[in-house]
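What follows is a set of notes on a single structure, which appears directly below.
Source: prediction; values computed, not measured. Proteins get letters first, then strands, A, B, ... in listed order; numbering begins at 1 in each.
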Protein chains: 2
Amino acid sequence: MTEDDRGAHGASSAVQTAPPAVSALIEPRPMRADAARNHEKILQAAEEIFALDGVMVPIDIVAERAGVGIGTLYRHFPTKEALYEAIVMTRLTSLLATADECVKNPNAQEGLCSFLREFAHQSSEKKDLFDALGQAGIDIKARFSDTFEVLMARVDSLRQRAVDEGAVRADVGTKDILNLVMGSCHAAGPSGIDDTSLQRLVDIILAGIETRS
Amino acid sequence: MTEDDRGAHGASSAVQTAPPAVSALIEPRPMRADAARNHEKILQAAEEIFALDGVMVPIDIVAERAGVGIGTLYRHFPTKEALYEAIVMTRLTSLLATADECVKNPNAQEGLCSFLREFAHQSSEKKDLFDALGQAGIDIKARFSDTFEVLMARVDSLRQRAVDEGAVRADVGTKDILNLVMGSCHAAGPSGIDDTSLQRLVDIILAGIETRS
DNA sequence: ATTTATCCGGAACCGTAGTTCCGATTCAAT
DNA sequence: ATTGAATCGGAACTACGGTTCCGGATAAAT
């Protein structure tokens with residue numbers, strides 16, 4: 001039961017012209033047009049709502065906002081956790097892209113700096129998504145260990161470059177930095193924190209990890 | 001209904017010898033011995049459990065740990081929120097005491113420093129109590145505004161002294177500092193963070209708010 | 001146009017956690 | 001020892017949110 005759309009995420013918009021009999025064994029079916037549309041609508045609605053009201057919102061609300069029934073939502077994401085996973089994945093990927101961008105910056109310090117700013121900015125926009133999930137008993141680091149590792153490595157290279165350049169103290173770990181920045185994002189209570197204040201906090205952190213003269 | 005033990009918290013252990021008829025209008029009744037005992041047991045159990053498993057634990061568990069029935073618990077704290085309030089109050093008071101202690105330190109920088117360390121230490125011990133409450137939709141700053149203000153003022157005097165002494169930058173606010181330190185405490189995920197790492201984070205923050213040479 | 005596999009919608013179900021209620025129990029005053 | 005009010009205990013009630021189920025609608029293949 002309910003095994004029909006398992007693993008259909010990567011379908012994209014590739015046209016299927018191969019003989020059905022054989023390819024059916026590999027790729028079950030291309031997913032109906034409306035289904036694909038709904039899948040996207042749900043994902044988007046969830047992202048918006050979670051960012052706005054936190055992950056505690058009842059799932060009905062997400063369905064309502066997406067303009068679909070609850071049943072439909074469950075057809076696409078058999079569990080609320082599955083929804084979380086999809087969104088966190090999006091988020092991690094996006095961060096990874098940001099990190100990649102920042103690595104290109106020839107100035108190591110600037111690179112690290114702008115990554116952290118962007119990281120903080122995203123985190124505060126998406127109302128403490130990561131943290132709220134932790135609260136709800138989902139261990140992100142465990143569930144997405146591979147993607148997480150990659151991101152971590154990327155950030156670490158940002159940090160290492162800055163250290164090599166002599167701009168950042170060698171005795172602060174990547175985790176320390178990320179913990180500090182993440183922490184800043186939700187410390188200001190449920191009301192969130194305005195971007196200006198947040199950037200001020202990031203500045204302090206940056207000052208804190210700089211090499212002293 | 002259920003108005004019999006309203007406001008009986010401050011009863012303490014003062015002996016009542018005044019004529020009952022008159023004092024009854026002022027102080028309803030001294031609270032039965034076992035009741036007082038239970039009140040204390042519940043408070044203590046709640047503090048322990050909340051610190052250990054977070055505020056999401058069902059209230060039955062608290063009652064069980066305190067060795068009383070659910071009904072009893074509700075007799076003393078008519079709502080789960082009421083329990084929260086009692087505990088947060090304890091916590092705030094304790095922090096206030098710490099702050100008072102630190103103000104006595106003749107060295108302003110050391111004073112601020114040791115307060116922040118202690119603050120961080122307590123926060124990590126008591127498993128993100130404040131934050132978890134925020135998550136649960138309780139706005140601490142609003143509900144305890146008066147006590148909170150006092151604490152805030154105290155910390156601000158710690159900061160101001162350090163600024164006057166030329167040890168801390170003048171452009172960082174008290175809120176910034178507290179946000180950073182609070183943030184550090186729970187950023188490390190549900191598993192918490194060991195005290196050594198936490199102190200390292202506090203060190204970075206302290207470095208970040210120092211005046212540059 | 002017909003047919004059928006897929007998908008949609010939302011009523012109903014179930015488990016969980018907060019809260020209420022009231023008979024049984026216990027304190028403490030006489 | 002007796003008595004009555006205060007307190008206790010926990011079964012039962014309620015609200016809420018996640019999940020299941022299935023009759024009806026729809027895309028797309030013939």
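- Nearest heavy-atom pair across B/K41 and B/G67 is NZ-O, 4.2 Å.
- In this structure, the CZ atom of A/R75 is 15 Å from the C1' atom of D/dT19, given to the nearest Å.
- For B/E101, the salt bridge (Lys or Arg N to Asp or Glu O under 4.0 Å) partners at least two apart in sequence or on another chain are B/K104.
- Within the 4.5 Å cutoff, the side chain of A/R117 has heavy atoms near those of the A/D203 side chain.
- Nucleotide D/dG18 holds its P atom 15 Å from the CZ atom of A/F77, rounded to whole Å.
- Side-chain contact between A/M152 and A/S145: absent, with no pair of heavy atoms (C-beta onward) separated by less than 4.5 Å.
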- Quick one: what's the B/S/- string for nucleotides 23-30 of chain D, heavy-atom cutoff under 4.0 Å, read 5' to 3'? ---BSS--
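- Within residues 40-53 of chain B, no residue is approached by DNA chain C to less than 4.0 Å at the level of any non-hydrogen atom.
- Not a single ring-ring contact (aromatic ring centres under 6.0 Å, His included) links B/Y74 to another residue, sequence neighbours left out.
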Would you mind writing out the side-chain donor-acceptor pairs for residues 59-66 of chain B within the sub-3.5 Å range, not counting sequence neighbours?
{"residue": "B/R65", "atom": "NE", "partner": "B/E48", "partner atom": "OE1", "Å": "2.9"}
{"residue": "B/R65", "atom": "NH2", "partner": "B/E48", "partner atom": "OE1", "Å": "2.6"}

- Note on the structure: Each nucleotide of nucleotides 10-19 of chain C classed B (base within 4.0 Å of a protein heavy atom), S (only sugar-phosphate) or -, in 5' to 3' order, makes B-------SB
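- Put simply, the side chain of A/D195 reaches to within 4.5 Å of the side chain of A/H121, judged on heavy atoms.
- Side-chain N/O atoms of B/H76 include one lying less than 4.0 angstrom from OP1 or OP2 on D/dC8.
- Contact annotation: the side chain of A/F119 never approaches that of A/V202 to less than 4.5 Å [non-hydrogen atoms, C-beta and beyond].
- Taking the charged nitrogens against the carboxylate oxygens, B/D156 and B/K175 have no contact shorter than 4.0 Å, which rules out a salt bridge.
- For B/N38, a side-chain nitrogen or oxygen approaches OP1 or OP2 of D/dC8 to under 4.0 Å.
- In this structure, A/I140 and A/Y84 have side chains that are not in contact, with every pair of non-hydrogen atoms separated by 4.5 Å or more.
- Going from atom CD of B/E64 over to atom C1' of D/dG9 covers 13 Å, rounded to whole Å.
- With a 4.5 Å cut-off on side-chain heavy atoms, A/R154 and A/D100 count as touching.
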